[in-house]
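Just so we're on the same page: letters track the sequence lines, and every chain starts at 1. Heavy atoms only: backbone and side chains are in, while hydrogens, waters and symmetry mates are out.
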Amino acid sequence: DGGITQSPKYLFRKEGQNVTLSCEQNLNHDAMYWYRQDPGQGLRLIYYSQIVNDFQKGDIAEGYSVSREKKESFPLTVTSAQKNPTAFYLCASSLGLAADTQYFGPGTRLTVL
Amino acid sequence: ILNVEQSPQSLHVQEGDSTNFTCSFPSSNFYALHWYRWETAKSPEALFVMTLNGDEKKKGRISATLNTKEGYSYLYIKGSQPEDSATYLCAFVKAAGNKLTFGGGTRVLVKP
């Protein structure tokens, strides 16, 4: 089954701890994206990567870090520097061009206590 | 940060009725507009990608139009059914850009 997986579905962490969210795709897509959703708001872009070993900041990158060592994987680390980390996080992938459809994972809901 | 707005934020529709809602985006430097449907407890799914002024796309009972000169797109649902209940997101792509800027979404609830 081709698609995007994110794990875990729910994640709880104590304030001050770093946490890494997993995103894996087997669609052979070049581009991958991380979005954040807060209640009543649309999706906001955190980071994106168009090719392995390269990534760019999105609109709200502060307090987050990513890596893209493999085509299939684009993990997101929420660091202790992120002031409001509690949110719903969505990962997506696409063939690579801006007009290409993005395919989304099921999301991870992070709660920082 | 680009301004992409969707209105209304939410709407209730009686089963069988038709409805439409709007996505507004910058009218300059347009490259593409995406529409996605996001049902509760599921992942967002692509509906349309539109690139040309005057584009009209259709998928079943759902259709969309695009006006790049004035910076808006309409999404229409004909004969709404309960399974159409979802949040509909639009996303703007500017020329020479490679990322999507999403609107806040229109939440549609179809009542039987």
Using a 4.5 Å cut-off on heavy atoms from C-beta on, say whether the side chain of B/Trp38 contacts that of A/Phe104.
no
Joint cluster assignment, A/Ile4 & B/Phe102, ILVMFWY side-chain distance < 4.5 Å:
no
B/Phe21, CZ: over 12 other non-hydrogen atoms inside 6.0 angstrom:
yes
Atom CD1 of residue position A/Ile51 - does it have more than 12 heavy atoms of other residues, nucleotides or ligands inside 6.0 Å?
no
Below 4.5 Å from any heavy atom of chain B, which atoms of A/Tyr33 appear? Answer side chain, backbone, both or neither.
side chain
Against chain B, label A/Leu43 side chain, backbone, both or neither, depending on which of its atoms sit under 4.5 Å from a heavy atom there.
both
Could you tell me whether B/Glu83 atom CD has more than 12 heavy atoms of other residues or ligands within 6.0 Å of it?
yes
Is the closest side-chain heavy-atom distance between A/Asp59 and B/Lys99 below 4.5 Å?
yes
Are the side chain of B/Ser43 and the backbone N or O of A/Gly105 linked by a donor-acceptor pair below 3.5 Å?
yes
B/Val49 and A/Ala99: which non-hydrogen atoms are nearest, and at how many Å?
CG1-O, 3.2 Å
Heavy atoms only, distances under 4.5 angstrom: which of B/Gly103, B/Ser10, B/Ala91, B/Pro44 has the most pairs with chain A? Name it, please.
B/Pro44
When rounded to the nearest 0.5 Å, the distance separating CG of A/Asp100 from NE2 of B/His34 is 7.5 Å
A/Gln102, part contacting chain B, at a heavy-atom distance under 4.5 Å:
both
If you draw a 6.0 Å radius around NZ in B/Lys94, do more than 12 non-hydrogen atoms from other residues or ligands fall strictly inside?
no
Do B/Leu75 and B/Leu89 share a hydrophobic cluster, counting only Ile, Leu, Val, Met, Phe, Trp and Tyr and linking them when any side-chain heavy atoms are less than 4.5 Å apart?
no
Between CG on residue B/Asn98 and CD on residue A/Gln56, distance to nearest 0.5 Å:
6.5 Å
Toward chain A, the part of B/Tyr36 with a non-hydrogen atom under 4.5 Å:
side chain
More than 12 heavy atoms of other residues, nucleotides or ligands under 6.0 Å from CZ of B/Arg107: yes or no?
no
Does A/Leu11 share a hydrophobic cluster with A/Ile46, counting links as ILVMFWY side-chain heavy atoms below 4.5 Å and allowing steps through other members?
yes
